[in-house]
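Report on the following structure.
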Protein chains: 2
Amino acid sequence: MSKKSTRVALACQALRQAIIEQALPPGTKLPEDELGLRFGMSRTLVREALAQLQSEGLVDAPPRRTATTAKPTLDQAREIFETRRMLEREVVRLVIARWRPQFGADLEGHVRAEETARQAGEARVSIRLAGEFHTRLGEMAGNSLLRRYLSEVVSRCSLILALYGRPHSADCAVNEHREIVAALRAGNAETAIRIMDHHIGSVEARALLDQGRDAGFDLGTVLSRYASGLDEPGSAKVARIPKAKAKGKR
Amino acid sequence: MSKKSTRVALACQALRQAIIEQALPPGTKLPEDELGLRFGMSRTLVREALAQLQSEGLVDAPPRRTATTAKPTLDQAREIFETRRMLEREVVRLVIARWRPQFGADLEGHVRAEETARQAGEARVSIRLAGEFHTRLGEMAGNSLLRRYLSEVVSRCSLILALYGRPHSADCAVNEHREIVAALRAGNAETAIRIMDHHIGSVEARALLDQGRDAGFDLGTVLSRYASGLDEPGSAKVARIPKAKAKGKR
DNA sequence: CTGGGCATTCTTGTATACAGTTTTCGTCTG
DNA sequence: CAGACGAAAACTGTATACAAGAATGCCCAG
């Protein structure tokens with residue numbers, strides 16, 4: 001939300017990315033201490049970040065237990081997709097209503113990037129770009145609240161795919177995105193909505209068909225990839241540096 | 001969101017209520033210290049509550065300055081109403097789709113309560129009930145995410161009315177609510193949506209027509225009305241009680 | 001073995017200390 | 001008298017301490 005580029009916002013961003021890109025599978029424990037250690041900040045800030053992510057539905061933080069990456073139930077998943085479909089519909093309407101030629105170029109460029117990533121087999125990048133396509137549309141709708149809601153559901157859908165979907169998702173998605181752009185450009189709202197609905201439907205189907213698997217992974221190594229801009233010991237931006245009484249990873 | 005009935009949730013609730021009922025006009029300063037004093041908790045928790053409310057759009061908390069009750073711009077107000085209209089539309093559709101006879105009785109009871117409050121001239125209660133009517137619909141839609149989004153926009157609309165609307169708002173609203181219930185009962189989605197749209201439109205018109213006024217009020221006395229369940233000195237639920245180094249209201 | 005404590009350890013809940021920023025206000029100067 | 005300066009006051013940012021609640025594991029009675 002607010003662009004306050006504070007450290008908690010960075011931590012948030014790092015975790016959000018990691019969760020969305022499915023690097024931290026649903027259910028992964030997120031102990032405040034350890035995150036604080038990794039991010040080079042105190043639990044106070046980690047806790048703030050976790051609260052934020054919880055409100056975005058990416059993290060479960062039940063009262064007196066360790067937070068985990070969210071693990072939505074099938075019912076919740078359905079709700080999220082239902083909501084997403086509504087929002088995307090409205091976004092399409094708004095984008096067409098406010099259409100600028102520049103939008104077309106912009107979106108087409110994005111789709112090209114998706115295609116490139118797909119061909120390169122860059123799963124992680126593909127996933128991110130696929131989400132960003134929708135986010136981008138959300139921006140074009142010119143309603144920041146709607147954009148926020150859309151971003152939230154899109155993120156959560158990534159999470160759901162990680163939980164219930166099959167590993168390598170965004171394949172045909174690229175083509176569907178291309179079709180959507182074409183429909184938008186043509187300015188036919190009903191058509192565009194129909195395609196978008198179908199697109200979401202196919203994503204949902206992919207998600208709710210087969211069951212998830214658990215990959216092996218390590219919290220530390222994964223996070224180190226996402227913690228750029230944080231935890232630079234010599235940053236000197238901060239008065240006191242957390243003591244980090246490293247106890248050797250248990 | 002999560003029903004964790006912790007103290008911060010209570011503080012949140014108290015502030016939210018106070019803001020929605022327009023007891024704390026937009027722009028009111030909310031210093032962490034003073035809130036902590038009032039609520040009998042430390043800044044840590046107050047801060048958490050404020051963060052939550054900020055994410056709901058009820059509080060502005062710019063980086064290094066005192067938080068205030070939110071003061072949306074006209075543009076933001078328009079965005080919020082636009083979004084609300086979308087959500088309410090979808091809610092109406094869903095409610096009709098899942099209609100139970102009990103819904104009718106429930107809603108009619110609610111409208112009666114609104115009517116009673118209106119006649120009694122209970123402005124504060126009227127405002128709350130008017131919002132709850134929509135919230136109630138949100139529950140009947142059977143989609144908790146959608147419900148959350150709806151609650152959020154409804155709250156924010158109350159805030160907007162406090163800022164830009166005329167003092168005593170929810171008058172004719174009761175009748176419009178009655179019409180909506182009738183349309184829902186009839187099961188005609190298109191009609192119900194049309195009425196709902198008109199309803200939101202009239203609320204919006206009321207809001208964005210004349211400008212706000214500032215009433216006299218005092219943070220302390222206002223909050224004391226909303227802090228029930230908090231700050232009971234003998235509650236003994238907590239180990240340590242904040243020291244409350246009362247410095248006599250400046 | 002085998003389930004039920006009970007001690008130990010891991011983590012979270014919450015208050016508080018201290019440093020750094022922003023505001024406020026009074027005073028001084030042109 | 002307006003604006004500038006500067007010191008004091010009011011707050012927020014962040015780390016940390018300590019208490020208390022879960023989780024884990026171990027030992028013993030049955």
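Both backbone and side-chain heavy atoms feed into the values below; hydrogens, waters and symmetry mates do not.
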With a non-hydrogen cut-off below 4.0 angstrom, is T66(B) in contact with a base, only sugar-phosphate, or nothing?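 Contact class for T66(B): sugar-phosphate only.
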Rounded distance (nearest 0.5 Å) linking atom CZ of F81(B) with atom CD of Q76(B):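 It comes to 13.0 Å.
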Looking at every heavy atom in both A61(B) and A67(B), which two are closest together, and how far apart are they? CB-CB, 4.1 Å
Just how far, in rounded Å, is [atom2] of [N] from [atom1] of [X]?
X	N	atom1	atom2	value
E48(B)	dT14(D)	CD	P	15 Å
D33(A)	dA17(D)	CG	P	12 Å
M41(A)	dT16(D)	CE	P	13 Å
E32(A)	dT14(D)	CD	C1'	15 Å
L35(A)	dT11(C)	CG	P	11 Å
L45(B)	dT12(C)	CG	P	16 Å
R7(B)	dT14(C)	CZ	C1'	7 Å
L30(A)	dT11(C)	CG	C1'	13 Å

For dA15(D), take OP1 and OP2 only and decide whether either is under 4.0 Å from a side-chain N or O of S42(A). yes
I'd like to check the side-chain hydrogen bond (donor to acceptor under 3.5 Å, both in side chains) partners of [X]; sequence neighbours left out, ordered by chain and number.
X	answer
T83(A)	N143(B)
Q13(A)	R16(A)
E90(B)	R93(B)

Under 3.5 Å, side-chain donor or acceptor atoms of residues 134-142 of chain B against the rest of the protein: list the pairs with distances, not counting sequence neighbours.
unit_1, atom_1, unit_2, atom_2, d
H134(B), ND1, R84(B), NH2, 3.4
H134(B), ND1, E88(B), OE1, 3.2
H134(B), ND1, E88(B), OE2, 2.8
H134(B), NE2, R84(B), NH2, 3.3
H134(B), NE2, H177(B), NE2, 3.2
H134(B), NE2, H199(B), NE2, 3.2
T135(B), OG1, G131(B), O, 3.3
R136(B), NH1, D106(B), OD1, 2.6
R136(B), NH2, H110(B), ND1, 3.1

Short N/O separations, protein against nucleotides 21-24 of chain C, under 3.5 angstrom:
unit_1, atom_1, unit_2, atom_2, d
dT21(C), O4', R64(B), NH1, 3.4
dT23(C), OP1, R65(B), NE, 2.9
dT23(C), OP1, R65(B), NH2, 3.2

Out of dA17(D), dT14(D), dT12(D), which has the shortest distance to the side chain of R43(A)?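 It is dA17(D).
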Under the rule for side chain to side chain contact (heavy atoms under 4.5 Å, CB included), what residues qualify as partners of S144(A), not counting sequence neighbours?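 If we apply the side chain to side chain contact (heavy atoms under 4.5 Å, CB included) test to S144(A), skipping adjacent residues, the hits are R147(A), E79(B).
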